[in-house]
There are 2 protein chains.
Amino acid sequence: MKGNIVVGQSGGPTAVINSSLAGVFSAAKALGVKKIYGMHHGIQGFLNEDLIDISEYVKDDKDVELLKRTPSAFLGSCRYKLPKIEGNEEVYDKIFEILEKYDIECLFYIGGNDSMDTIKMLSDYAAMKGKSQRFMGVPKTIDNDLPITDHCPGYGSAAKYIATSMKEIIRDNESFGVEKPTVTIVEIMGRHAGWLTAAAALSRGEDCDGPDMIYLPEVTFDVDDFVERVKKLAAEKSSVVIAVSEGLKLADGRFACELGNASDFVDAFGHKQLSGCAAALANIVAGATGLKTRAVEFSTLQRAATHIASLQDINEAFSVGYLAGQAAEEGKTGMMITIDVKERNPYQVGYSIYDIHAIANVERPVPAEWIINDGTDVSEEYVNYARPLILGELTPMMVNGTPRHLVLKK
Amino acid sequence: MKGNIVVGQSGGPTAVINSSLAGVFSAAKALGVKKIYGMHHGIQGFLNEDLIDISEYVKDDKDVELLKRTPSAFLGSCRYKLPKIEGNEEVYDKIFEILEKYDIECLFYIGGNDSMDTIKMLSDYAAMKGKSQRFMGVPKTIDNDLPITDHCPGYGSAAKYIATSMKEIIRDNESFGVEKPTVTIVEIMGRHAGWLTAAAALSRGEDCDGPDMIYLPEVTFDVDDFVERVKKLAAEKSSVVIAVSEGLKLADGRFACELGNASDFVDAFGHKQLSGCAAALANIVAGATGLKTRAVEFSTLQRAATHIASLQDINEAFSVGYLAGQAAEEGKTGMMITIDVKERNPYQVGYSIYDIHAIANVERPVPAEWIINDGTDVSEEYVNYARPLILGELTPMMVNGTPRHLVLKK
């Protein structure tokens with residue numbers, strides 16, 4: 001590559017989004033790219049010419065290793081979605097002006113559905129205007145809802161955090177229970193797709209039965225049926241733990257969290273802010289049964305807990321970044337690196353590249369056939385799918401009792 | 001020791017309560033004790049003669065290591081407080097009857113304030129009636145509020161989890177912030193003592209400024225002043241993160257969480273169930289400022305996250321258990337093992353033994369002089385006190401991507 005490159009990170013961070021950044025950076029270094037720019041706060045920062053020279057922060061292999069162990073978006077993220085091209089050409093012209101000014105030959109964007117839309121729009125605009133710059137998507141989302149790719153970097157680590165924490169919560173919940181059981185309801189992220197909530201099933205093993213029920217947003221939620229099932233479990237067991245998605249929806253279209261006093265906030269992408277589904281259900285169960293209930297929300301920790309990230313996930317996140325760098329060198333544009341799994345046991349992974357038009361703005365739910373027991377659990381097929389993604393650990397670099405991170409200080 | 005022993009675990013579990021059990025067990029093994037009984041669910045289970053033979057579960061050194069890596073109370077816990085002796089002698093007679101039936105010479109109870117009261121009552125009763133059985137307390141509480149001892153086993157690991165997770169949350173929160181900052185309020189356990197909330201300060205270091213404010217329950221909470229301070233921070237910074245104790249109290253005596261829709265549940269010890277302090281404050285800030293807010297509760301994870309437990313804490317928890325075993329052999333009764341710190345840097349620890357009467361039912365708050373900046377932070381003295389307690393890790397035994405635990409299956 002003769003010109004420079006720029007990399008951005010976008011959307012909700014993950015535990016391994018920086019491993020993908022490390023991958024793009026390492027490929028560019030290997031390819032002899034002169035300047036490896038980073039967008040400070042994604043395309044939104046780029047539009048303000050807020051760029052950094054990543055080599056000033058990542059100076060050696062130790063820094064690459066530290067970057068891989070750093071949660072959240074090292075470069076800063078944003079939730080800015082490009083407007084449609086028609087009628088907004090000035091935004092696109094501005095972007096290409098900056099690309100030319102900094103002699104940038106390829107733009108890499110690490111992100112999920114909304115971010116892949118950015119790559120689609122920019123490569124479409126370049127094609128329309130006969131521009132030579134190339135645009136590569138690097139998949140990232142804890143939600144695991146991108147199509148085509150077998151799974152998404154970031155998911156494995158979130159799933160490992162969820163499985164590990166779920167096991168610890170179950171163990172804690174089981175410690176009491178001489179008299180009445182405690183019903184603990186754990187709320188897990190995932191607005192439309194239940195991939196993250198399903199990961200609660202990965203807590204199961206010889207030493208743990210896992211949650212008693214798992215509710216995904218793919219299935220309409222019936223409160224009365226839920227309460228009846230909890231009553232039955234509480235009559236049989238000294239500890240009841242249930243995993244629920246933040247995005248559970250009732251038959252009338254309301255979110256389950258609206259049964260409580262959820263806020264009506266809407267984020268910058270127009271997504272309704274959800275929270276309090278577990279709290280709302282815990283209150284309903286307490287009222288209906290008199291049992292002690294507890295609501296737990298994994299909250300942002302499930303996407304930020306790099307200290308217990310999956311090594312498999314870190315390695316794959318690095319690979320999709322690295323391969324995006326190589327693909328750009330080969331002249332590819334308007335594409336995203338995908339993960340192909342050839343065998344699940346023993347796990348064998350490969351990578352491909354795919355047209356961004358088939359990926360942007362498409363959401364992939366958990367397959368209906370993997371949701372079992374009247375929508376209260378996930379099947380062994382899901383566990384076989386997800387288990388390899390949470391294997392292995394990358395020891396944090398501990399300093400003074402906490403993991404050390406690489407930090408961008410502007 | 002000619003007779004047998006029995007060990008119980010009581011109150012809220014910690015990440016290292018099983019390390020203390022491993023310590024008592026190992027001492028008893030070394031002393032040649034014939035039967036090492038465990039109370040299934042504390043003194044409440046004991047009253048039902050619900051005993052197990054721990055040697056049937058802990059068979060070799062590997063099991064001891066696995067026990068040290070297992071969160072929550074391996075034996076099961078309870079929240080049962082013995083009634084006062086006067087007028088309730090039948091409860092005490094029942095306990096001594098069971099002790100005699102199983103030829104138990106010494107009873108060990110691993111717990112916090114309420115549990116130490118059990119040791120006090122039982123040793124008082126034995127003295128009153130001329131009984132020969134001995135009773136030893138083993139300190140345990142994430143709350144760190146037992147007097148006499150420098151700190152309590154369980155606290156270091158909870159503090160390490162809080163510091164690590166706080167760092168990850170701050171990193172996550174900082175990733176956005178091109179436009180308006182997000183205000184994240186993190187709720188930490190501790191009804192009356194702010195030790196756990198103070199641990200948020202341990203997230204500070206070269207790579208992290210830590211939370212912007214830290215509110216302990218030792219100081220009366222002023223909502224208006226709080227909102228003003230948040231406004232000021234939000235005007236200056238692109239990310240605001242605040243640590244608050246679940247037990248924050250207003251000048252009128254109400255808990256801060258009552259500003260929201262907290263539940264009115266009361267637990268078996270008559271403690272009011274607190275939750276939702278962060279949520280209540282996040283709503284207030286959102287309403288007053290229009291900023292995006294987020295509430296995070298560490299919930300039971302802060303006492304159950306053995307996967308990131310402090311090695312120093314695990315070793316000390318084991319030691320207090322082991323030394324309790326030795327002290328009983330020497331004929332001591334009605335006492336608790338305490339931790340003495342001779343030097344903080346480099347850290348030098350020793351152990352003593354102390355009369356249980358000075359400990360039971362006494363709560364030790366964070367010293368007033370360690371709470372600084374008008375009650376919005378903790379001092380360097382606190383950090384120097386707590387830093388050594390969170391050092392070191394004990395690698396979990398990972399199986400299929402999650403930590404393996406030792407489980408009591410009756």
Side-chain angles (χ1 to χ4, degrees), chain A residues 13 41 44-45 70-73 76-79 160 163-165 167-169 171-178 184 202-203 205 207-208 261 263 265 275-276 279 283 286 292 294-297 299-301 303-308 310 387 390-391 393 398-407, chain B residues 13 41 44-45 70-73 76-79 160 163-165 167-169 171-178 184 202-203 205 207-208 261 263 265 275-276 279 283 286 292 294-297 299-301 303-308 310 387 390-391 393 398-407:
Chain A
H41 294 297
Q44 196 173 9
T70 298
S72 184
S77 187
C78 70
R79 289 199 182 281
K160 188 184 185 82
T164 297
S165 301
K167 242 179 121 160
E168 292 174 335
I169 285 170
R171 200 106 290 148
D172 185 277
N173 206 64
E174 284 174 350
S175 67
F176 294 102
V178 171
T184 293
L202 300 173
S203 62
D207 58 345
C208 184
N261 69 330
S263 69
F265 283 174
S275 74
N283 280 337
K292 182 175 173 179
R294 189 189 287 276
V296 175
E297 275 185 57
S299 191
T300 45
L301 285 167
R303 70 184 188 200
T306 304
H307 78 269
I308 184 85
S310 150
R387 180 70 70 192
I390 71 166
L391 297 184
E393 298 78 43
M398 303 297 288
V399 177
N400 276 332
T402 63
R404 176 51 53 106
H405 302 150
L406 189 71
V407 185
Chain B
H41 293 297
Q44 197 173 8
T70 298
S72 185
S77 188
C78 70
R79 289 201 183 278
K160 187 183 186 84
T164 297
S165 301
K167 242 180 121 159
E168 292 174 334
I169 285 171
R171 199 107 289 149
D172 185 277
N173 205 65
E174 284 173 350
S175 67
F176 294 103
V178 170
T184 293
L202 300 173
S203 63
D207 59 344
C208 184
N261 69 330
S263 69
F265 283 174
S275 74
N283 281 336
K292 183 175 172 180
R294 190 188 286 278
V296 175
E297 276 186 57
S299 191
T300 46
L301 285 166
R303 70 185 189 199
T306 304
H307 78 269
I308 184 84
S310 151
R387 180 70 71 191
I390 71 166
L391 297 183
E393 297 78 43
M398 303 298 288
V399 177
N400 277 331
T402 63
R404 175 52 51 107
H405 302 150
L406 190 71
V407 185

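Residue numbering restarts at 1 for every chain, and letters A, B, ... go by the order of the sequence lines. Because the structure is a prediction, the values reported are computed rather than measured.
Side-chain atoms of Asp207(A) never come within 3.5 Å of backbone atoms of Arg404(B) as a donor-acceptor pair (strictly under, hydrogens ignored). Side-chain atoms of Glu168(A) come within 3.5 Å of backbone atoms of Thr306(B) as a donor-acceptor pair (strictly under, hydrogens ignored). Remark: the backbone N or O of Pro403(B) is paired with a side-chain donor or acceptor of Lys167(A) at under 3.5 angstrom. Formation of a donor-acceptor pair under 3.5 Å by the Glu297(B) side chain with backbone atoms of Val296(A) is not found in this model.
The side-chain heavy atoms of Thr402(A) and Ile390(B), taken from C-beta on, include a pair separated by under 4.5 Å. Between Thr300(A) and Arg294(B), the closest side-chain pair of non-hydrogen atoms falls below 4.5 Å.
With a 4.5 angstrom heavy-atom cutoff, Ser310(A) does not touch chain B via any of its atoms. Heavy atoms of Ser299(B) lying under 4.5 Å from chain A belong exclusively to its side chain. For Ser175(A), the parts sitting under 4.5 Å from any heavy atom of chain B are the backbone and the side chain alike. Using a 4.5 Å cut-off between heavy atoms, Ala279(A) makes no contact with chain B at all.
Here Arg171(B) is the residue among Arg303(B), Arg171(B), Glu393(B) with the most heavy-atom pairs under 4.5 Å with chain A. When the candidates Val407(A), Ile308(A), Asp172(A) are compared by the number of heavy-atom contacts under 4.5 Å with chain B, Asp172(A) comes out ahead. Highest contact tally toward chain A, considering only Val399(B), Thr184(B), Asn400(B), is held by Asn400(B) [criterion: heavy-atom pairs under 4.5 Å]. Options Leu202(B), Leu301(B), Thr70(B), Leu391(B) differ in how many heavy-atom pairs under 4.5 Å they form with chain A, and the most are formed by Leu301(B). When each of Gly76(B), Ala305(B), Ser165(B) is checked for heavy-atom pairs under 4.5 Å with chain A, Ala305(B) comes out on top.
Rounding to the nearest 0.5 Å places NE2 of His405(A) at 8.0 Å from SG of Cys208(B).
Looking at every heavy atom in both residues, His41(B) comes nearest to Phe176(A) through CE1-O, 3.1 Å.
Remark: His307(A) pairs with His307(B) by the ring pair (Phe, Tyr, Trp, His ring centres under 6.0 Å) rule, at least two apart or across chains.
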